[in-house]
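Just below is one structure, and these are the notes that go with it.
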Amino acid sequence: EGVLPQEYTALKLKVLEWAPKAAEALKGKIPEDASVFLVPATLRPETMYGQVCCFVGPALTYGIFKASEKEYFVMTERGARNMAHQGIFEKEGVIEKAADVQGSDLIGTLVNAPLSFHPQVRVLPMDTVLATKGTGVVTSVPSDSPDDFAMVTELAKKADFYGIKKEWAELEIFPIIQTPTSDLLAPHLVKKLKISSPKDTKQLLEAKELAYKEGFYQGVLKVGDFKGEKVEIAKPKVREQLIKAGEAFAYSE
Ligand code: A2H
């Protein structure tokens with residue numbers, strides 16, 4: 001881990017309908033009047049208009065942690081331990097876990113994605129989600145993240161293999177950010193670098209670096225309240241807007 005803290009935005013994706021196995025695992029463990037949220041950590045809050053799904057690691061174990069009487073968060077135990085000391089939970093320093101749930105059992109859960117052109121998206125599997133970073137939950141923006149584009153492409157191609165419905169991985173990918181090269185930078189780079197699957201690790205790393213630099217320093221938002229503004233300028237504004245609306249919070253590690 002680096003020396004400087006990484007400042008993430010943790011987004012609140014409210015669970016609208018549990019996948020059957022998750023519903024079974026959680027039966028009677030969460031108060032009926034409470035809301036549960038998946039809380040992906042992102043470095044690109046200005047891209048949230050383009051969310052098409054939310055990734056979890058199928059082999060990871062997640063906890064459902066009590067943030068307050070009315071709100072519970074789904075994430076890794078490690079993420080919860082960090083959050084407990086950042087004024088995010090109602091009881092500072094206290095971790096209350098209501099239940100455990102396997103990542104694979106969350107697949108298919110329907111969540112609300114704040115700001116997205118697709119207000120309702122599904123939880124889908126991604127094997128490369130790290131347990132050692134963020135919350136272990138990753139919201140997917142294939143327009144601007146090469147990793148996300150490679151994974152949704154793979155999921156749509158092999159829906160049966162992954163045990164999902166094909167249409168869950170086929171939501172339209174809208175242009176969010178204009179750069180000198182493209183307004184769909186991640187798909188453009190994936191094609192250009194001939195990336196054919198999420199296993200093309202080396203090319204994906206290169207694509208990720210290119211996309212991040214060009215998107216951040218030369219990108220202009222095409223959508224939303226800060227349309228026409230440079231990404232550098234708009235990023236903190238979108239973040240503040242999400243936080244003010246109660247749809248996100250600051251998280252660092
Ligand atoms: B980013 P850094 Cl549009 N495992 O959000 C794997 N990846 C994770 C993760 C985990 N446990 N937790 C967060 N991430 C992803 C948006 C995005 C991101 C875009 C473009 C690039 C990008 C939508 N996905 O990240 O190692 C999250 O994906 C490229 C760096 O802390 C998070 O931001 O620098 C980013 O990695 C954090 O990575």
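Atoms within a ligand are numbered from 1 in the order they appear, just like the ligands themselves.
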Exercise. How would you list, by chain and number, every residue that makes a salt bridge (charged side-chain N to carboxylate O under 4.0 Å, His left out) with E17, sequence neighbours excluded?
Worked result: none
Seminar exercise, completed: Output for ligand 1, non-hydrogen cut-off under 4.0 Å, lists Q6, Y8, A41, T42, L43, R44, T47, V129, L130, K133, G136, V138, T139, V141, D144, S145, D148, K208
Exercise. Hey, does the Lys NZ or Arg CZ of R44 hover above the aromatic six-ring of Y212, less than 6.0 Å from the centre and inside 45° of the axis?
Worked result: yes
Exercise. Under 30°, 30 to 60°, or over 60°: which ring-plane class applies to F249 and F73, parallel, tilted or perpendicular?
Worked result: parallel
Problem set entry | Electrostatic pair E77-K97, nearest N-O below 4.0 angstrom | yes
For this session: Drop me the distance from Y49's OH to D225's CG, to the nearest 0.5 angstrom.
Result: 5.5 Å
Exercise. Between E206 and K208, is the closest basic N to carboxylate O distance under 4.0 Å?
Worked result: no
